[in-house]
Amino acid sequence: MKPHKITAALALALILLAAMPRNASSQNIVDADERLLAVDSITASWEAWTSVGISGKFRMAGLPLSPSVKIYMVRDSSIFISLRAPLVGEVGRAEIADSTLLVVNKMNKTYVEEPIARALAYYPGGVSDLQDLILGRVVIPGFGLLSRELADKVEIYAEADGSSTLVATKESAIPGFNYGYMISPRWLTGALMVLPVDKPDVSVVLSYEYFEKGYDLDFVYQSDKRNYTARLELGRPEYDAKGFDRIKLNSGFTKLPFDKFIKSFK
């Protein structure tokens with residue numbers, strides 16, 4: 001699977017963004033009034049929701065097939081992701097619920113299970129932030145979904161092509177990490193990039209590409225030791241959707257450490 005062409009350009013822009021010191025004298029920084037207008041434009045299309053369902057395809061390097069995917073989320077509470085293959089049925093499941101992360105590979109009957117607090121040990125946010133990122137929304141870690149009330153937590157820089165870059169202020173930054181968003185000229189989230197300060201060889205990128213009937217969400221993890229690439233090709237979110245039952249494991253399933261579990265998909 002190859003990431004979108006846009007990913008490389010956005011990743012490079014965000015690397016430069018994270019590496020360069022920002023200050024009030026930067027020529028393209030927007031002032032407080034323009035920042036509020038930009039935040040209003042970014043958030044204008046975001047619908048309030050209680051539950052949401054999204055269907056599509058999942059693609060990951062090394063997988064022998066591209067299963068269909070169904071996502072169901074309950075606001076601030078849970079995320080369920082089911083992968084299904086033709087003639088086989090459900091081949092994988094991910095559940096975040098009851099403060100636990102559970103991911104199951106049904107093909108070889110293995111799973112990984114961790115407290116969500118451990119899975120997000122270096123992240124100050126929670127489940128609601130993950131939900132918003134899946135929906136292509138801008139999150140300020142530790143503060144929540146971007147809004148007018150959080151406009152002073154970010155700095156926004158206008159680019160010559162009509163796009164914008166958005167970074168946290170020093171007061172709202174994540175200790176040990178640099179991160180930034182690219183916002184398209186249509187005020188849609190183009191990408192999020194996260195760079196650990198003490199691991200310059202590591203980068204995590206979420207990038208989005210939008211279509212008439214949905215959007216693609218690419219995930220890329222890169223380091224000098226390993227690379228992971230995955231894509232969700234998603235349709236439009238269906239709000240107030242119906243969910244599905246929790247998965248049930250029996251003694252035939254084997255629990256694995258996270259790194260060995262990832263290798264079990266190959």
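This structure is a prediction, so every number in the text was calculated from the model and none was measured.
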Q: Identify the heavy atoms of Tyr221 and Val202 that sit nearest to each other, and give their distance.
A: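 Looking at all heavy atoms of both residues, the shortest contact is CE1-CG1, 3.8 Å.
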Q: Less than 4.5 Å apart, any side-chain heavy atom of Lys109 and any of Thr254?
A: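 Lys109 does not reach Thr254 side chain to side chain.
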Q: Show the nearest heavy-atom pair for residues Ile156 and Ala38, with the distance to one decimal.
A: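 Smallest heavy-atom distance, with atoms named: CD1-CB, 3.8 Å.
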Q: Could you check whether Tyr157 and Glu155, counting side-chain N and O atoms only, form a donor-acceptor pair closer than 3.5 Å?
A: yes
Q: Could you go through Tyr111 and Leu249, starting from their C-alpha distance and side-chain angles, then the distance that decides it, and tell me whether this counts as side-chain contact (heavy atoms from CB on, under 4.5 Å)?
A: CA-CA 9 Å; Tyr111 72 98; Leu249 300 179; 3.9 Å; yes
Q: For the CG atom of Leu234 and the CG atom of Leu135, what is their distance to the nearest 0.5 Å?
A: 9.5 Å
Q: For Arg186, look at atom CZ and say whether over 12 heavy atoms of other residues, nucleotides or ligands are found less than 6.0 Å away.
A: no
Q: Taking a hydrophobic cluster as the set of Ile, Leu, Val, Met, Phe, Trp and Tyr residues connected by side-chain heavy atoms closer than 4.5 Å, whether directly or through intermediates, do Phe219 and Leu192 fall within one such cluster?
A: yes
Q: Rounded to the nearest 0.5 Å, what separates atom CG in Leu166 from atom NZ in Lys153?
A: 14.0 Å
Q: What I'd like to find out is whether the side chain of Trp187 reaches to under 4.5 Å of the side chain of Ser164, using heavy atoms alone.
A: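 They are in side-chain contact.
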Q: Under 3.5 Å, side-chain donor or acceptor atoms of residues 72-90 against the rest of the protein: list the pairs with distances, not counting sequence neighbours.
A:
| from | atom 1 | to | atom 2 | distance (Å) |
| --- | --- | --- | --- | --- |
| Arg75 | NH1 | Asp132 | OD1 | 3.0 |
| Arg75 | NH2 | Asp132 | OD1 | 3.3 |
| Arg75 | NH2 | Asp132 | OD2 | 3.3 |
| Ser82 | OG | Glu90 | OE2 | 2.5 |
| Glu90 | OE1 | Lys106 | NZ | 2.8 |
| Glu90 | OE2 | Arg93 | NE | 2.7 |
| Glu90 | OE2 | Arg93 | NH2 | 3.2 |

Q: Just verifying a value: how many Å separate Tyr208 OH and Tyr215 OH, rounded to the nearest 0.5 Å?
A: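 Taking OH in Tyr208 and OH in Tyr215, the distance rounds to 7.5 Å.
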Q: Indicate yes or no for a side-chain donor-acceptor contact from Glu95 to the backbone of Ile247 under 3.5 Å, with no hydrogens or angles considered.
A: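 Yes: the side chain of Glu95 pairs with the backbone of Ile247.
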Q: Less than 4.5 Å apart, side chain to side chain, heavy atoms only: is that true for Val154 and Val167?
A: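 The answer is no; the side chains never approach within 4.5 Å.
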Q: Is a salt bridge present between Arg59 and Glu233, judged by a nitrogen-to-oxygen distance below 4.0 Å?
A: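 Glu233 and Arg59: salt-bridged.
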Q: Which pair of non-hydrogen atoms, one from Tyr210 and one from Gly136, has the smallest distance, and what is that distance?
A: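 That closest heavy-atom pairing would be OH-O, 4.1 Å.
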Q: Under a single-linkage definition using a 4.5 Å side-chain heavy-atom cutoff for Ile, Leu, Val, Met, Phe, Trp and Tyr, are Val103 and Phe244 assigned to the same hydrophobic cluster?
A: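 No.
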Q: Donor-acceptor pair, distance only, cut-off 3.5 Å: does the side chain of Thr189 make one with the backbone of Ala191?
A: no
Q: Hydrophobic clusters here meaning ILVMFWY residues chained together by side-chain heavy-atom distances under 4.5 Å, can you tell me if Val197 and Tyr179 are in one?
A: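 Per the 4.5 Å side-chain linkage, Val197 and Tyr179 are not co-clustered.
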Q: Please say yes or no: joined through hydrophobic side-chain contacts below 4.5 Å, possibly via intermediate residues, are Val30 and Leu36 part of one cluster?
A: no
Q: Using side-chain contact (heavy atoms from CB on, under 4.5 Å), reason through Val112 and Leu256 one step at a time and then give a plain yes or no.
A: CA-CA 5 Å; Val112 60; Leu256 296 177; 5.8 Å; no
Q: Run the side-chain contact (heavy atoms from CB on, under 4.5 Å) test on Lys57 and Asp216 for me, step by step, so that the C-alpha distance in whole Å, both residues' side-chain angles and the decisive distance to 0.1 Å come before the verdict.
A: CA-CA 9 Å; Lys57 282 276 190 181; Asp216 287 357; over 6 Å; no
Q: So do the side chains of Ile42 and Leu146 get within less than 4.5 Å of each other, counting heavy atoms only?
A: yes
Q: Quick check: closest heavy atoms across Val194 and Phe177, and the distance to 0.1 Å?
A: CG1-CD2, 3.8 Å
Q: Tell me the closest heavy-atom pair linking Gly144 and Leu150, and the distance in Å.
A: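 Gly144 and Leu150 have their closest heavy atoms at O-CD1, 3.9 Å.
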Q: If you round to the nearest 0.5 Å, how far is CD1 of Ile116 from OG of Ser99?
A: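 The distance works out to 8.5 Å.
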Q: Using atom types as modelled and distance alone, determine if a side-chain donor or acceptor of Asn105 lies under 3.5 Å from a backbone N or O of Met107.
A: yes
Q: Are Ser184 and Ser163 side-chain neighbours, meaning at least one heavy-atom pair lies under 4.5 Å?
A: no
Q: So, Asp218 side chain and Ser207 main chain: donor-acceptor pair closer than 3.5 Å or not?
A: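 Judged by distance alone, no pair lies under 3.5 Å.
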Q: Quick one: do Asp129 and Arg137 satisfy salt bridge (charged side-chain N to carboxylate O under 4.0 Å, His left out)? Show the steps, please.
A: CA-CA 9 Å; Asp129 287 5; Arg137 302 182 180 187; over 6 Å; no
Q: When you measure from the side chain of Ser172 to the backbone of Ala168, do you find a donor-acceptor pair of N or O atoms at a distance under 3.5 Å?
A: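 Not confirmed, Ser172 side chain does not pair with Ala168 backbone.
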Q: Would Glu114 and Thr100 satisfy side-chain hydrogen bond (donor to acceptor under 3.5 Å, both in side chains), going step by step from the backbone distance to the final call?
A: CA-CA 6 Å; Glu114 298 282 356; Thr100 300; over 6 Å; no
Q: Any side-chain heavy atom of Arg148 within less than 4.5 Å of one from Asp40?
A: yes
Q: Do you know which two heavy atoms are closest between Val138 and Leu145, and how far apart they sit?
A: O-CD1, 3.5 Å
Q: Would you say that more than 12 heavy atoms from the other residues, nucleotides or ligands in this model lie under 6.0 Å from the CG of Asp245, or not?
A: no
Q: Do Leu206 and Tyr228 belong to the same hydrophobic cluster, where Ile, Leu, Val, Met, Phe, Trp and Tyr are linked whenever their side-chain heavy atoms lie under 4.5 Å apart, directly or via other members?
A: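 Shared cluster, yes.
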Q: Report yes if some heavy atom in the side chain of Leu232 is under 4.5 Å from a heavy atom in the side chain of Ile134; otherwise report no.
A: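 Side-chain contact under 4.5 Å: no.
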Q: With side-chain contact (heavy atoms from CB on, under 4.5 Å) as the test, would you mind laying out the steps for Glu212 and Arg236 before giving the verdict?
A: CA-CA 9 Å; Glu212 182 179 352; Arg236 290 181 180 176; 4.2 Å; yes
Q: Within the side chain of Asp201, is there an N or O that forms a donor-acceptor pair under 3.5 Å with the backbone of Asp224?
A: yes
Q: Using 0.5 Å steps for rounding, measure from the CG atom of Leu195 to the CD atom of Gln222.
A: 10.5 Å
